[in-house]
Amino acid sequence: MTITQLKYVLAVAEYKNFTLAAEKCFVTQPTLSMQIQKVEEELGIQIFDRTKKPIQLTEIGQKIVNQSKNIVNEADRIQDIVDQQKGFIGGEFRLGIIPTIMPTLLPMFLNNFIKKYPKVKLLIEELNTNDIIEKLKNGHLDAAIAATPLEEEKIKEIVLYYEPFVAYIPENHSTFNKKEIEISDLNLDEILLLQDGHCFRDGILNLCKNNNQIEKNHFQIESGSFETLIKLADEGLGTTLLPYLHTLDLSEKNKLKLKHFVEPKPAREVSLIFPKNELKIHIIEALRTTITGVIKGAIAFQNVQIISPLQKK
């Protein structure tokens, strides 16, 4: 059997459909089916139960798939070893970034990275945390930038920075004249949040719950962007919390409405995450050094103490 045949097996196991797997592998469906049949004939077993819809792995098929993942990963590692020996940093690299980080962090490091490593072809996707985890596990991403800790057994995390929460308080609010605010000043009934599925939203909920605030089902307004939340707050519909980097591009007028927290300041942990097999680790390290280089100085509270890091979403 060949590495290519094993990749076909993995594709069918993932998509549970021969036609879709063939499309993802850029081959015809008859070609893929024939190659998988050759593997089954060579091994004398059935990897897939084709009588079920969608197609299911047999018991022995699941074991074959698990071992195939290891074999394909180790085969890919050979090229990694050669690249590192030659000092070559290049090739295709698939990077996922969560929505509350991508708009602020990506412009800070992307230009520097592509100038320094022109032979790397970055393929960047904006994805929520759950999709990132799934794609990392299935080999569809090489790395990602997300809020951590995730506590995923097969994923390694390297902390890039800690980003404080900053309150956005409209002028008519009772806490507007305070120089700094405390978590106890937060009223969960009036905080405007991102929609479900955003891990930044969960971090705020956790922060307020730790302060014995009311439950999340009392919220009336949720939005998909920080810009909308800011506009709603300006209309007197509540307050909101923003990640620190997002506040750097606000107008001077809006910056007057920002209130930092007293120490210890609540913050989220932002990390570069990747599979523990560490494929393309030389590119991952290049990303890490580039990001930490440009982020240094941008975070005003680099020694911030974390009260409640974001939880997995």
Side-chain angles (χ1 to χ4, degrees), residues 93-114 122-136 140-152 155-168 192-207 222-230 240-250 258 265-274 283-302 304 306-313:
F93 191 86
R94 300 157 299 177
L95 179 69
I97 309 178
I98 63 172
T100 60
I101 291 176
M102 187 164 179
T104 52
L105 181 62
L106 186 61
M108 294 179 70
F109 79 84
L110 182 58
N111 195 39
N112 284 353
F113 184 84
I114 60 179
L122 275 180
L123 303 177
I124 303 171
E125 288 187 80
E126 184 176 277
L127 301 163
N128 66 40
T129 308
N130 283 340
D131 288 341
I132 280 174
I133 292 171
E134 190 68 22
K135 289 202 170 197
L136 285 172
H140 297 318
L141 286 177
D142 298 304
I145 300 171
T148 53
L150 299 177
E151 298 177 353
E152 289 287 333
I155 293 176
K156 188 171 182 178
E157 304 172 3
I158 297 179
V159 177
L160 295 171
Y161 58 90
Y162 295 98
E163 183 176 24
F165 298 144
V166 182
Y168 186 84
L192 305 168
L193 291 177
L194 294 175
Q195 293 171 341
D196 253 339
H198 286 275
C199 56
F200 191 86
R201 175 187 191 277
D202 289 352
I204 303 307
L205 289 172
N206 290 337
L207 194 65
E222 296 178 0
S223 175
S225 73
F226 289 121
E227 286 72 19
T228 302
L229 297 181
I230 290 171
T240 193
L241 296 185
L242 304 172
Y244 176 72
L245 289 181
H246 190 88
T247 69
L248 299 180
D249 292 329
L250 293 181
L258 298 175
K265 300 179 187 295
R268 65 173 173 177
E269 179 182 276
V270 177
S271 298
L272 187 59
I273 65 175
F274 49 93
I283 301 180
I284 291 170
E285 180 60 21
L287 263 176
R288 185 194 69 79
T289 55
T290 302
I291 293 172
T292 54
V294 299
I295 205 75
K296 188 176 181 181
I299 298 291
F301 309 102
Q302 295 181 47
V304 66
I306 300 175
I307 291 178
S308 179
L310 295 184
Q311 299 301 306
K312 181 174 68 174
K313 181 66 181 178

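- Scanning all heavy atoms of the two residues, the minimum distance from P99 to L127 falls at CD-O, 3.3 Å.
- Between the side chain of E163 and the main chain of L245, a donor-acceptor pair closer than 3.5 Å is present.
- When all heavy atoms of T290 and F109 are compared, the closest pair comes out as CG2-O, 3.9 Å.
- Atoms OH and OH, on Y161 and Y244 in that order, are 12.5 Å from each other to the nearest 0.5 Å.
- Considering only heavy atoms from C-beta on, S271 stays 4.5 Å or farther from I158 through its side chain.
- Looking at R268 and T100, their side chains come closer than 4.5 Å, going by heavy atoms from C-beta outward.
- In this structure, E157 contributes its side chain and L150 its backbone to a donor-acceptor pair below 3.5 Å.
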(message) Does E285 form a side-chain contact (heavy atoms from CB on, under 4.5 Å) with T289? I'd like the steps, not just the answer.
(response) CA-CA 6 Å; E285 180 60 21; T289 55; 3.4 Å; yes
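- For the atom pair CG (L250) and CZ (F226), the distance works out to 11.0 Å, reported to the nearest 0.5 Å.
- Atom CG of L242 and atom CG of L229 lie 7.5 Å apart (nearest 0.5 Å).
- More than 12 non-hydrogen atoms from other residues, nucleotides or ligands lie less than 6.0 angstrom from CG of N112.
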(message) Pair V270, I295 - check side-chain contact (heavy atoms from CB on, under 4.5 Å), show working.
(response) CA-CA 11 Å; V270 177; I295 205 75; over 6 Å; no
(request) Report the C-alpha separation of I145 and L287 in whole Å, then their side-chain angles, then the decisive distance to 0.1 Å, and conclude whether the side-chain contact (heavy atoms from CB on, under 4.5 Å) test is met. (result) CA-CA 10 Å; I145 300 171; L287 263 176; 5.8 Å; no
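- With rounding to the nearest 0.5 angstrom, the CG atom of L95 is 12.5 Å from the CZ atom of F274.
- Separation of atoms CD1 (I98) and CG (D131) is listed at 12.0 Å; rounding is to 0.5 Å.
- Side-chain contact between L105 and I97 is absent, with no heavy atoms from C-beta onward closer than 4.5 Å.
- In terms of heavy atoms, A144 sits closest to I132 at CB-CG2, 3.4 Å.
- Residues E126 and M102 come closest through the heavy atom pair CB-SD, 3.3 Å.
- Between atom CZ of residue R94 and atom CG of residue D142 there is a gap of 4.0 Å, rounded to the nearest 0.5 Å.
- Here the shortest heavy-atom pairing between T104 and M108 reads O-CG, 3.2 Å.
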(request) Could you please spell out the steps behind the side-chain contact (heavy atoms from CB on, under 4.5 Å) verdict for L258 and Y168? (result) CA-CA 5 Å; L258 298 175; Y168 186 84; 3.8 Å; yes
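- Smallest separation of non-hydrogen atoms from I133 and I155: CG2-CD1, 4.1 Å.
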